[in-house]
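A short worksheet on the structure shown next.
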Amino acid sequence: VTLAFSPDGAYLASGGEDKTLVVWHLQSRGRHMEAQLDAPLVAVAYSPSGQHLAAGDAGSTVAVFDVATKEEIDSTQVDGGIL
């Protein structure tokens, strides 16, 4: 399991073996967004502004999401793996 809090503390991103990225809205305790990746998640991280969320999977892909629109805005394959 990998976890990251948004810089403002309003959201918690989680991911793991089920290949699912979930962003939780902590005040409402509900799901803000959910995305399915191609491999188990090994890392999640917010940008300093909290506007973007990066998710790295075991298949060496990093996907970047816009937290407000809940859309994937970019993805790339990383040579040598995520970790």
Side-chain angles (χ1 to χ4, degrees):
V1 173
T2 183
L3 302 169
F5 285 97
S6 63
D8 65 2
Y11 298 98
L12 174 65
S14 66
E17 290 293 319
D18 65 356
K19 306 176 189 175
T20 304
L21 170 67
V22 179
V23 177
W24 302 92
H25 185 259
L26 296 176
Q27 186 174 9
S28 70
R29 298 183 182 180
R31 290 181 186 215
H32 173 71
M33 67 170 277
E34 186 173 319
Q36 195 69 32
L37 280 76
D38 293 330
L41 288 161
V42 296
V44 290
Y46 281 92
S47 65
S49 69
Q51 181 179 355
H52 299 109
L53 175 64
D57 70 25
S60 300
T61 298
V62 176
V64 180
F65 297 86
D66 183 301
V67 177
T69 66
K70 307 173 189 176
E71 297 292 324
E72 183 176 331
I73 58 172
D74 198 8
S75 71
T76 189
Q77 193 73 20
V78 179
D79 292 332
I82 302 295
L83 298 176

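Computed over heavy atoms, backbone and side chain alike; hydrogens, waters and symmetry mates excluded.
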### Query
Looking only at heavy atoms, what is the nearest atom pair of D57 and A39, with distance?
CB-O, 3.5 Å
### Task
Taking all non-hydrogen atoms of both residues into account, name the closest pair between P7 and S47 and its distance.
CG-O, 3.4 Å
### Query
Does CG in D66 sit with more than 12 non-hydrogen atoms of other residues, nucleotides or ligands closer than 6.0 Å?
yes
### Query
With a cut-off of 6.0 Å (strictly less than), are more than 12 heavy atoms of other residues, nucleotides or ligands near CD of E17?
no
List the residues meeting side chain to side chain donor-acceptor pair (under 3.5 Å) with [X], not counting sequence neighbours, and say none if there are none.
X	value
S28	H25
Q27	none
Q51	none

### Summary
Residues at least two apart in sequence or cross-chain that pass ring-ring contact (aromatic ring centres under 6.0 Å, His included) with Y46, listed by chain then number, are none
### Query
Which residues satisfy the ring-ring contact (aromatic ring centres under 6.0 Å, His included) test with H52, sequence neighbours excluded?
none
### Message
For R29, give me all partners under side chain to side chain contact (heavy atoms under 4.5 Å, CB included), at least two apart in sequence or on another chain.
### Response
none
### Query
Can L26 be reached from Y11 by stepping across I, L, V, M, F, W or Y side chains whose heavy atoms are under 4.5 Å apart?
no
### Query
Do V23 and F65 come close enough that some side-chain heavy atom pair is under 4.5 Å?
no
